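Predicted, not measured: the structure shown is a model, and the values here were computed from it. The first residue in the sequence is number 1, and the count goes up from there. Below, each value reflects all heavy atoms present in this structure, side chains not excepted, and no hydrogens, waters or symmetry copies.
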Amino acid sequence: MDIEQKQTEFIDHFVKQASSLKGSALSSVFTEATSHPSLFAFSEILAVPNVVELEGTEHSVYLDLLRLFAYGTWSDYKSNSSRLPELGSDQALKLKQLTVLTLAETNKVLAYDQLMQELDVTNVRELEDFLINECMYAGIVRGKLDQLRRCFEVQFAAGRDLRPGQLGGMIRTLSNWLTTSDNLLVSIQDKIKWADNMSELDKKHRKDVEDRVEEVKKSLSMKANIDIREHEEIYSEPGGVMDYEEDRSRPKRRRHPIS
């Protein structure tokens with residue numbers, strides 16, 4: 001069973017639980033959801049009416065905790081730990097996993113130094129064990145550990161919940177990409193037309209050259225035939241050429257002295 005299908009099943013389970021509880025009773029659902037080893041999406045739970053009603057109440061701190069797991073990172077928790085419930089070990093692990101996903105959204109090559117700082121990890125061995133055992137084996141990321149370059153090359157990372165306002169930015173990005181793609185397609189089509197036109201011109205030029213070559217061949221052939229006929233006519237006329245043996249057999253004229 002892939003991670004997306006698992007996510008759907010777990011989300012449905014916690015949405016049903018949250019829909020049946022109110023107020024402080026929801027805190028147990030939030031704790032269970034944020035501790036679950038295979039749940040990495042929380043926006044559907046945040047959208048449950050009973051959960052939305054916690055805003056502005058004495059129990060809103062639990063809503064803030066759920067929002068942290070939906071959109072935040074381990075650094076965010078450290079900055080706001082004084083006003084948030086203390087995290088259990090499973091929750092801390094989950095938030096660090098989610099932090100890796102957030103970092104992978106914007107950079108596909110994550111430096112070890114950056115990861116150790118963001119995750120509060122003190123050495124490379126501990127970091128690599130975390131990435132292998134808690135991230136790659138969990139199926140939320142795939143990649144390659146480069147010990148020589150001290151970085152993690154991300155090949156795949158599961159997506160996190162969209163932060164408020166992020167959807168509009170994604171729509172704009174996709175719209176810009178679509179416009180760029182349309183312009184590129186028009187440019188490619190123009191180049192194809194130009195290539196087709198050049199091909200036609202090349203074919204026409206080639207045919208013109210071949211036609212001219214044929215004309216020259218015909219002209220040379222006609223001239224050669226004319227020259228041959230003229231040559232034959234000259235040498236075939238009677239008396240046109242005297243045979244040498246015939247000339248020798250004729251008696252010589254005697255010359256008489258002039259008196």
Side-chain angles (χ1 to χ4, degrees), residues 1-106 114-121 130-131 133-135 137-141 157-172:
M1 185 181 297
D2 57 30
I3 188 171
E4 289 82 6
Q5 187 174 348
K6 289 181 179 180
Q7 290 286 297
T8 301
E9 292 181 1
F10 296 136
I11 288 170
D12 290 343
H13 168 72
F14 287 112
V15 165
K16 289 177 181 178
Q17 280 195 324
S19 299
S20 63
L21 300 172
K22 285 183 175 291
S24 62
L26 287 167
S27 63
S28 62
V29 177
F30 295 169
T31 300
E32 184 182 356
T34 54
S35 302
H36 197 287
S38 299
L39 183 64
F40 297 93
F42 306 92
S43 58
E44 287 87 346
I45 304 174
L46 282 168
V48 174
N50 292 355
V51 175
V52 176
E53 290 174 0
L54 293 178
E55 186 72 60
T57 69
E58 58 182 325
H59 306 298
S60 62
V61 64
Y62 300 110
L63 180 60
D64 293 336
L65 178 67
L66 191 59
R67 284 172 176 161
L68 173 69
F69 277 82
Y71 316 122
T73 64
W74 180 250
S75 295
D76 294 330
Y77 172 71
K78 290 192 299 179
S79 301
N80 299 279
S81 59
S82 60
R83 63 181 188 84
L84 290 170
E86 184 177 355
L87 298 183
S89 59
D90 290 338
Q91 289 174 304
L93 173 62
K94 172 62 60 65
L95 193 54
K96 289 183 179 182
Q97 290 173 312
L98 293 168
T99 298
V100 173
L101 297 184
T102 294
L103 294 173
E105 286 179 357
T106 55
Q114 179 189 16
L115 288 167
M116 287 191 289
Q117 180 180 355
E118 292 290 336
L119 301 173
D120 272 347
V121 175
F130 172 79
L131 292 172
N133 298 326
E134 308 299 345
C135 296
Y137 283 173
I140 59 174
V141 295
R160 292 195 64 180
D161 295 301
L162 292 178
R163 292 179 289 276
Q166 190 177 10
L167 181 60
M170 290 183 67
I171 292 174
R172 286 191 296 273

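For the residue pair Q91 / T31, no side-chain donor-acceptor distance below 3.5 Å is found, with atom types taken as modelled. Between the side chains of D76 and S79, no donor-acceptor pair is found at a separation under 3.5 Å.
For the pair I140 and E134, the tightest heavy-atom approach, listed with the atom from each and the gap, is CD1-O, 4.3 Å. Nearest heavy-atom pair across V141 and C135 is CG2-CB, 3.5 Å. Of all the heavy atoms in R160 and T99, the pair that sits closest is NH1-N, 4.5 Å. The two atoms that bring L84 and L65 nearest to each other are CD2-N, 4.0 Å, heavy atoms only. Smallest separation of non-hydrogen atoms from K94 and L39: NZ-O, 2.8 Å.
With rounding to the nearest 0.5 Å, the separation of CG in L93 from CG in L119 is 10.5 Å. Here the CG-OH distance, from L131 to Y137, works out to 12.0 Å after rounding to the nearest 0.5 Å. Distance check: I11 CD1 to H13 NE2 gives 12.0 Å after rounding to the nearest 0.5 Å. Residue T34 holds its OG1 atom at 7.5 Å from CG of L87, rounded to the nearest 0.5 Å. Interatomic distance, S75 OG to N80 CG, rounded to the nearest 0.5 Å: 11.0 Å. Remark: L26 CG to S20 OG distance equals 8.5 Å, nearest 0.5 Å.
At most 12 non-hydrogen atoms from other residues, nucleotides or ligands lie less than 6.0 angstrom from OH of Y62.
Using cut-offs of 30° and 60° on the angle between ring planes, the pair F10 and H36 is tilted.
Looking only at distances, a side-chain donor or acceptor of Q7 sits under 3.5 Å from a matching main-chain atom of S38.
When side chains are defined from C-beta on, V61 counts as touching P85, because their heavy atoms get closer than 4.5 Å.
Qualifying ring pair (Phe, Tyr, Trp, His ring centres under 6.0 Å) partners for Y77, counting only residues two or more places apart in sequence or in other chains: W74.
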Show me the donor-acceptor pairs, under 3.5 Å and distance only, between side chains in residues 40-56 and residues at least two apart or in other chains.
unit_1 : atom_1 : unit_2 : atom_2 : d
S43    : OG     : D161   : OD1    : 2.9
N50    : OD1    : K22    : NZ     : 3.3
N50    : ND2    : A18    : O      : 3.4
N50    : ND2    : S19    : O      : 2.9
N50    : ND2    : L21    : O      : 2.9
E53    : OE1    : K22    : NZ     : 3.3
E55    : OE1    : R67    : NH1    : 3.0
E55    : OE1    : R67    : NH2    : 2.5

- Task: Begin from the C-alpha positions of F130 and V100 and carry the test side-chain contact (heavy atoms from CB on, under 4.5 Å) through to its verdict.
- Result: CA-CA 10 Å; F130 172 79; V100 173; 3.8 Å; yes
